[in-house]
Amino acid sequence: MSNDALMVKARNVHKRFGHLEVLNGINLEVALGQVVCVIGPSGSGKSTFLRCINHLEKIDAGTIKVDGELVGYRQRGERLFELSEREVAERRRAIGMVFQHFNLFPHMTALENVMEGPVQVLRRPKEEVRRRAREILGQVGLSDKEANYPSQLSGGQQQRVAIARALAMQPKLMLFDEPTSALDPELVGDVLGVMRKLAESGMTMIVVTHEIGFAREVGDKLIFMDGGVIVEEGNPREVLSNPSHDRTRSFLSKVL
């Protein structure tokens, strides 16, 4: 695959917390418009890897490129130099991230939460941003909730506002860190429906998830991580129905 068609390219990524090696040589390529779902047991490094992609965690070795640019560093010859916080923030704008817990501003309405980034960070005119924010809230099925504060919304509605807030920054890449795991079961479907529509629109997505059905139906690639490495990757239906590694088989026997 030509590098032009790659949105994410991770090479030999290592991450330690003290003596604990959390990522132990991750290699991954994500094509433009591809939906990659990441599954694996708790503590396997899935969320840490996601946080490394937008430099919320600094890697200890290897490189990660998003849309052809190094994340968090610039390269001179063979050496990498860390970017300033301002430069990191600049590059991070192109990457939307949705967390397990919604992280909305409690003192702002749904509409204000969605408007905040484009107005404060991108310095866009307020009226233009308001129009666009209303459109995006419509896309996630929340047109009638724009004046509500987070405390007046269900968990599923809050998570959809969080997705809308990320989309308002017009990202090239969306990262989802177990976006449904904090939700009551009956609220999961609405959030997954929004993510499915986003995938159909051509958004490049990396989704750490426990939702095996979503991974099977929507994912272009499925990754199984354990012990800080990618144990297996491939077409989701093939990996789920006929895994080639014992470790994958053992994990899937517990969750399917």
Side-chain angles (χ1 to χ4, degrees), residues 1-15 21-54 59 61-68 71 95-98 100 172-181 188 191-193 195-256:
M1 183 181 293
S2 85
N3 284 342
D4 296 349
L6 288 181
M7 180 55 76
V8 179
K9 183 176 183 177
R11 282 283 169 271
N12 196 31
V13 172
H14 288 257
K15 173 66 185 174
E21 186 94 24
V22 181
L23 299 177
N24 198 0
I26 299 283
N27 292 293
L28 177 67
E29 293 185 349
V30 181
L32 192 63
Q34 200 171 37
V35 177
V36 175
C37 293
V38 186
I39 62 171
S42 185
S44 58
K46 311 181 299 291
S47 294
T48 299
F49 178 56
L50 216 56
R51 292 170 66 84
C52 289
I53 292 173
N54 67 356
I59 61 178
T63 57
I64 300 174
K65 287 184 176 180
V66 173
D67 201 19
V71 174
I95 306 170
M97 185 151 183
V98 177
Q100 184 174 345
K172 301 173 183 174
L173 168 68
M174 284 287 284
L175 307 176
F176 292 87
D177 189 7
E178 302 195 11
T180 59
S181 62
V188 167
V191 173
L192 293 180
M195 293 169 63
R196 183 184 308 247
K197 280 200 292 193
L198 199 52
E200 288 166 0
S201 76
M203 177 63 75
T204 311
M205 296 161 58
I206 304 178
V207 184
V208 171
T209 186
H210 294 296
E211 303 292 339
I212 301 295
F214 177 86
R216 182 190 287 114
E217 293 160 34
V218 181
D220 299 304
K221 184 192 285 190
L222 182 67
I223 285 169
F224 172 64
M225 280 181 70
D226 190 27
V229 297
I230 293 175
V231 175
E232 187 160 354
E233 67 176 278
N235 177 287
R237 290 174 187 78
E238 288 171 18
V239 173
L240 291 169
S241 61
N242 190 22
S244 54
H245 287 263
D246 289 343
R247 185 65 194 91
T248 319
R249 268 194 290 279
S250 164
F251 174 78
L252 290 174
S253 72
K254 295 183 178 77
V255 298
L256 287 179

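Count residues from 1 along the sequence. Note that these values count all heavy atoms, side chains included, but never hydrogens, waters or copies made by symmetry.
To the nearest 0.5 Å, atom CG of residue N242 and atom CG of residue N235 are 11.5 Å apart. With rounding to the nearest 0.5 angstrom, the CD1 atom of I39 is 5.0 Å from the CG atom of L252. To the nearest 0.5 Å, the span separating CE on M205 from SG on C37 amounts to 7.5 Å. Atom-to-atom distance recorded for R237:CZ and R216:CZ is 8.5 Å, nearest 0.5 angstrom. Distance check, rounded to the nearest 0.5 Å: NZ of K15 to CG of N24 gives 14.0 Å. Residue M195 holds its CE atom at 12.0 Å from CE of M203, rounded to the nearest 0.5 Å.
Of all heavy-atom pairs between E178 and H210, the closest is OE1-NE2, 3.2 Å. Residues G40 and S44 share a closest heavy-atom pair of C-OG, 4.0 Å. For L175 against I95, the heavy-atom pair with the smallest separation is CD1-CG2, 3.6 Å. Between N27 and R11, the shortest heavy-atom distance links the atoms OD1-CA, 3.3 Å. In plain terms, the two heavy atoms of P243 and S241 that are nearest each other are CD-C, 3.7 Å. Considering every non-hydrogen atom in both G219 and P236, the closest pair reads O-CG, 3.3 Å.
Taking the side-chain contact (heavy atoms from CB on, under 4.5 Å) definition, one finds that V218 meets it with V35, R196, A199, F214, sequence neighbours left out. Scanning for salt bridge (Lys or Arg N to Asp or Glu O under 4.0 Å) contacts around D226 gives R247, with sequence neighbours left out. Every residue was checked against the salt bridge (Lys or Arg N to Asp or Glu O under 4.0 Å) condition with K65, not counting sequence neighbours, and none meets it. Among residues two or more places apart in sequence or in another chain, the salt bridge (Lys or Arg N to Asp or Glu O under 4.0 Å) test is passed with E233 by K221. Take F49 and apply the ring-ring contact (aromatic ring centres under 6.0 Å, His included) test, not counting sequence neighbours, and it matches no residue.
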- Task: Check the pair M7 / K172 against side-chain contact (heavy atoms from CB on, under 4.5 Å), numbers first and verdict last.
- Result: CA-CA 8 Å; M7 180 55 76; K172 301 173 183 174; 3.7 Å; yes

- Yes or no on side-chain contact (heavy atoms from CB on, under 4.5 Å) for I53 and L173, after CA distance, side-chain angles and deciding distance? CA-CA 10 Å; I53 292 173; L173 168 68; 4.0 Å; yes

- Item | side-chain contact (heavy atoms from CB on, under 4.5 Å) evaluation trace for L23 with I59 | CA-CA 9 Å; L23 299 177; I59 61 178; 5.6 Å; no

- Message: Would K197 and S201 count as a side-chain hydrogen bond (donor to acceptor under 3.5 Å, both in side chains) here? Give the steps.
- Response: CA-CA 6 Å; K197 280 200 292 193; S201 76; over 6 Å; no

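The backbone N or O of M225 lies less than 3.5 Å from no partner atom in the side chain of K46, so there is not a single donor-acceptor pair.
Applying the ring pair (Phe, Tyr, Trp, His ring centres under 6.0 Å) rule to pairs touching residues 222-256 yields F224-F251, sequence neighbours excluded.
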